[in-house]
*Asks:* 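Below are the structure tokens for one structure; questions will follow.
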Amino acid sequence: MIVTTLVLLKPDILQRDLVGRVISRFEEKGLAIIGLKMFRFSKSLVREHYAHVADKPFYAELEAFMTRGPSIAIAVSGAEAVETVRLMIGTTKASSAAPGTIRGDFGLSSQRNIVHASDSAETARAELTRFFEPAELFDYPDLLEDVIYSSQELGPLRTV
């Protein structure tokens, strides 16, 4: 089932020049980028987005980290996108995230783990409306699908 989920690239990913490398992983997996924007978290937006941990001892450090530089919000769409993205990013604690996952390859700690992704379809719907207006999300044809489907009539795209 095609769904859309939210991915946030946190300030450390921009400061470490990893944006393109991370976005390309989603594209290479066959997921579509249907919304993309750079913004800066305000303290109130951090509190809203991370309300579920606002009472935790680490919240003040999280708020300071998230407001220190720009972040990027990405709307990612595709088959089972929520589950696929969660597998791709790895566990929250970067030191125990599997090699090959985004956090396993690039994360530095539990809080400096470079990326956030919605954990369910319900959460994704709420988070997407927090960061995107409907007019900021785009539906567009995948030109490769046209080539793939038309190639069935024309024969293989490559010969060995």
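No experiment lies behind these values; they were computed from the predicted model shown.
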*Asks:* Donor-acceptor pair, distance only, cut-off 3.5 Å: does the side chain of Thr84 make one with the backbone of Glu80?
*Replies:*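 Yes, the answer is positive, given that a donor and an acceptor are paired below the 3.5 Å cut-off.
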*Asks:* Say you draw a straight line from CG of Leu14 to NZ of Lys10; how long is it, rounded to the nearest 0.5 Å?
*Replies:*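 These two atoms lie 13.0 Å from each other.
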*Asks:* Quick one: closest heavy-atom pair of Thr67 and Val46, and the distance?
*Replies:* CG2-CG2, 3.8 Å
*Asks:* With a 3.5 Å distance limit and no angle check, can you tell me whether Ser24 reaches the backbone of Gly20 through a side-chain donor-acceptor pair?
*Replies:* yes
*Asks:* Would a distance-only check, ignoring hydrogens and angles, find a side-chain to backbone donor-acceptor pair under 3.5 Å from Tyr59 to Arg47?
*Replies:*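 Present.
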*Asks:* In this structure, would Val3 and Val76 fall into the same cluster of hydrophobic residues linked by side-chain contacts under 4.5 Å?
*Replies:* no
*Asks:* Excluding sequence neighbours, so at least two apart, what forms ring pair (Phe, Tyr, Trp, His ring centres under 6.0 Å) with Phe39?
*Replies:*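 By the ring pair (Phe, Tyr, Trp, His ring centres under 6.0 Å) rule, Phe39 matches Phe41, Phe131.
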*Asks:* Does anything in residues 95-108 pair up under salt bridge (charged side-chain N to carboxylate O under 4.0 Å, His left out), and if so which pairs, sequence neighbours excluded?
*Replies:* Arg25-Asp105
*Asks:* Is there a side-chain contact between Met66 and Leu62, using heavy atoms and a 4.5 Å cut-off?
*Replies:*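 Side-chain contact under 4.5 Å: yes.
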*Asks:* NE2/His49 to OG/Ser44 distance, rounded to the nearest 0.5 angstrom?
*Replies:*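 Rounded to the nearest 0.5 Å, the NE2-OG separation comes out at 13.0 Å.
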*Asks:* Among Val22, Ile23, Asp17, whose side chain to side chain contact (heavy atoms under 4.5 Å, CB included) with Val19 holds?
*Replies:* Ile23
*Asks:* When rounded to the nearest 0.5 angstrom, what distance separates CG in Leu137 from CD1 in Ile33?
*Replies:*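 So the gap between those two atoms works out to 11.5 Å.
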*Asks:* Looking only at non-hydrogen atoms, find the nearest pair between Leu128 and Thr5 and report the distance.
*Replies:* CD2-O, 3.8 Å
*Asks:* Is there a side-chain contact between Ser71 and Met38 in this structure, where contact means two heavy atoms from C-beta onward sitting under 4.5 Å apart?
*Replies:*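 SC-SC contact between Ser71 and Met38 ruled out.
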*Asks:* Just how far is it from atom CG of Leu6 to atom NE2 of His116, taken to the nearest 0.5 Å?
*Replies:*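 It is 5.5 Å, given to the nearest 0.5 Å.
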*Asks:* With sequence neighbours excluded, tell me which residues meet ring pair (Phe, Tyr, Trp, His ring centres under 6.0 Å) with Phe132.
*Replies:*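 Testing Phe132 for ring pair (Phe, Tyr, Trp, His ring centres under 6.0 Å), a comparison that skips the adjacent residues, returns none.
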*Asks:* In Å, rounded to the nearest 0.5 Å, how long is the span from CD1 of Ile89 to CG of Asn113?
*Replies:* 7.5 Å
*Asks:* Distance check, rounded to the nearest 0.5 Å: Ile114 atom CD1 versus Gln15 atom CD?
*Replies:*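 The distance works out to 12.0 Å.
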*Asks:* Inspect the surroundings of NZ in Lys29 and state if more than 12 heavy atoms from other residues, nucleotides or ligands are less than 6.0 Å away.
*Replies:* no
*Asks:* Might you point out which heavy atoms bring Ala79 and Ile2 nearest each other, and give the distance in Å?
*Replies:* N-CD1, 3.4 Å
*Asks:* Tell me whether the count of non-hydrogen atoms from other residues, nucleotides or ligands lying under 6.0 Å of CG in Asp139 goes above 12.
*Replies:* no
*Asks:* Could you pull out the closest heavy-atom pair between Arg68 and Arg40, with the gap in Å?
*Replies:*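 Of all heavy-atom pairs spanning Arg68 and Arg40, the closest is O-NH2, 3.2 Å.
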*Asks:* Testing the basics here: between Ser77 and Ala81, what is the closest heavy-atom pair and its distance to 0.1 Å?
*Replies:*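 Heavy atoms of Ser77 and Ala81 come nearest at C-CB, 4.2 Å.
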*Asks:* Less than 4.5 Å apart, any side-chain heavy atom of Arg130 and any of Glu127?
*Replies:*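 They are in side-chain contact.
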*Asks:* Please say which of Ile13, Leu36, Leu8, Val115 ends up in a side chain to side chain contact (heavy atoms under 4.5 Å, CB included) with Ile72.
*Replies:* Leu36
*Asks:* If hydrophobic clusters are built from ILVMFWY residues whose side chains come within less than 4.5 Å, do Leu87 and Ile102 share one?
*Replies:* no
*Asks:* Identify whether Leu9 and Phe65 are in the same connected component of the hydrophobic contact network (ILVMFWY, side-chain heavy atoms under 4.5 Å).
*Replies:*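 No, Leu9 does not connect to Phe65 through the hydrophobic network.
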*Asks:* With clusters defined by side-chain heavy atoms of hydrophobic residues (ILVMFWY) lying less than 4.5 Å apart, directly or transitively, does Ile34 cluster with Met88?
*Replies:*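 No.
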*Asks:* Is the backbone of Phe106 close enough, under 3.5 Å, to the side chain of Arg16 for a donor and an acceptor to pair up by distance?
*Replies:* yes
*Asks:* Quick check: closest heavy atoms across Ala94 and Gly107, and the distance to 0.1 Å?
*Replies:* CB-C, 3.5 Å
